[in-house]
Amino acid sequence: MAKKTVITKVLDADAQDGIIEFPQNRTLYVDQFTDKAPATDEERDGFKPKNLKEVFEHYQPSKEGVALETEEGGSVYEDFQFRQLKDFEDEQLIGQSTLLSGKKAEIDAYNAIIRQLQKNKPLRNALKDAASRESLLNVLKSLRAEIEEAE
């Protein structure tokens with residue numbers, strides 16, 4: 001049996017309408033997406049947004065100093081800006097981060113190599129034989145040395 005997630009908010013001590021059913025196929029982000037102090041009731045009274053774009057423009061949520069761990073175990077601190085709901089998606093977050101962009105480029109390069117190995121039958125056969133594999137490795141090392149000398 002499927003479970004339902006229920007979010008409650010108390011509007012009034014006697015209110016019964018403060019329960020909202022949250023669909024299971026949705027993600028709820030709960031965090032403070034700005035380093036600014038929360039607005040007071042007086043500051044919120046004048047702001048009547050008509051859509052999400054106005055909310056993002058008004059509050060300009062951002063998260064500064066998010067710690068990301070490197071492969072070496074060190075930490076890199078990066079800042080993220082949120083100007084629309086799409087900015088919470090993986091691709092948008094990766095695009096805002098230098099570290100994550102570099103890692104994604106590495107993953108894409110490895111995936112391209114894997115695809116090439118899957119499609120290239122002569123290369124697969126060369127890698128199966130130890131002597132052929134050693135010869136191919138030597139050729140690649142010499143090509144790498146030539147490229148490094150050219151730089």
Side-chain angles (χ1 to χ4, degrees), residues 1-9 20-44 46-151:
M1 174 178 268
K3 294 181 180 178
K4 289 195 178 204
T5 303
V6 178
I7 300 171
T8 61
K9 62 179 181 178
I20 302 167
E21 283 192 35
F22 192 73
Q24 289 296 108
N25 62 348
R26 300 281 192 255
T27 301
L28 176 65
Y29 290 100
V30 180
D31 197 354
Q32 182 175 338
F33 290 106
T34 181
D35 294 324
K36 299 174 187 171
T40 63
D41 289 338
E42 293 82 28
E43 292 171 339
R44 283 191 296 260
F47 179 58
K48 304 283 188 231
K50 294 179 181 57
N51 54 39
L52 272 175
K53 182 179 179 183
E54 289 180 8
V55 172
F56 278 100
E57 287 174 358
H58 180 76
Y59 290 107
Q60 299 179 352
S62 64
K63 200 68 174 170
E64 297 177 0
V66 175
L68 302 174
E69 188 174 331
T70 63
E71 287 179 336
E72 296 82 27
S75 292
V76 174
Y77 297 94
E78 304 220 18
D79 300 335
F80 294 92
Q81 307 291 324
F82 306 101
R83 299 295 173 249
Q84 56 186 341
L85 282 179
K86 189 176 182 179
D87 290 342
F88 291 98
E89 294 178 3
D90 293 344
E91 291 298 319
Q92 299 297 324
L93 292 171
I94 290 169
Q96 289 189 49
S97 168
T98 306
L99 177 70
L100 296 178
S101 296
K103 292 299 164 197
K104 182 165 182 351
E106 285 181 28
I107 290 169
D108 291 344
Y110 288 132
N111 285 335
I113 291 169
I114 290 169
R115 281 192 302 275
Q116 187 63 30
L117 286 172
Q118 289 171 340
K119 292 179 183 178
N120 193 332
K121 189 173 182 178
L123 181 59
R124 276 197 323 258
N125 290 337
L127 292 174
K128 286 180 184 176
D129 180 42
S132 298
R133 185 172 49 241
E134 188 65 34
S135 297
L136 181 61
L137 185 59
N138 290 333
V139 168
L140 291 174
K141 285 180 181 178
S142 64
L143 285 173
R144 181 179 177 183
E146 286 181 30
I147 291 171
E148 289 175 350
E149 287 177 13
E151 291 177 344

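Basis for what follows: all heavy atoms, side chains included, without hydrogens, waters or symmetry-related copies. By convention here, the first residue in the shown sequence is residue 1.
Between Lys53 and Glu57, some side-chain heavy-atom pair lies under the 4.5 Å cut-off. Contact check for Gln84 versus Leu52: no side-chain heavy atoms found under the 4.5 Å cut-off. Contact of the Leu127 side chain with the Leu117 side chain is registered, since non-hydrogen atoms from C-beta on lie closer than 4.5 Å.
Note that the CG atom of Leu68 and the OG atom of Ser75 stand 8.5 Å from one another [nearest 0.5 Å].
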Apply side-chain contact (heavy atoms from CB on, under 4.5 Å) to Arg83 and Gln60, showing your working. CA-CA 7 Å; Arg83 299 295 173 249; Gln60 299 179 352; 3.6 Å; yes

Passes side-chain contact (heavy atoms from CB on, under 4.5 Å), Lys63 versus Asp79? Steps please. CA-CA 6 Å; Lys63 200 68 174 170; Asp79 300 335; over 6 Å; no

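The distance between the ring centers of Phe56 and Phe82 does not fall below 6.0 angstrom.
With sequence neighbours left out, the side-chain hydrogen bond (donor to acceptor under 3.5 Å, both in side chains) criterion links Arg144 to Glu148. Residues passing the side-chain hydrogen bond (donor to acceptor under 3.5 Å, both in side chains) test with Ser101, sequence neighbours excluded: none. Residues satisfying the side chain to side chain contact (heavy atoms under 4.5 Å, CB included) test with Leu137, not counting sequence neighbours, are Lys141. Partners of Gln96 under the side chain to side chain contact (heavy atoms under 4.5 Å, CB included) rule, at least two apart in sequence or in another chain, are Phe80, Gln81, Asp87. With sequence neighbours left out, Asn51 forms a side-chain hydrogen bond (donor to acceptor under 3.5 Å, both in side chains) with no residue at all. When the side-chain hydrogen bond (donor to acceptor under 3.5 Å, both in side chains) test is applied to Thr70, the partners found at least two apart in sequence or on another chain are Glu72. In terms of the side chain to side chain contact (heavy atoms under 4.5 Å, CB included) criterion, Asp90 has no residue partners (sequence neighbours excluded). Applying the salt bridge (charged side-chain N to carboxylate O under 4.0 Å, His left out) rule to Lys103 yields the partners Glu71, Glu106; only residues at least two apart in sequence or on another chain are considered.
The closest donor-acceptor contact from the side chain of Glu78 to the backbone of Thr98 lies under 3.5 Å.
Minimum interatomic distance between Leu93 and Leu100 (heavy atoms only, all atoms of both residues): O-CD1, 4.3 Å.
Note on residues 111-130: pairs passing side-chain hydrogen bond (donor to acceptor under 3.5 Å, both in side chains), not counting sequence neighbours, are Asp129-Ser132.
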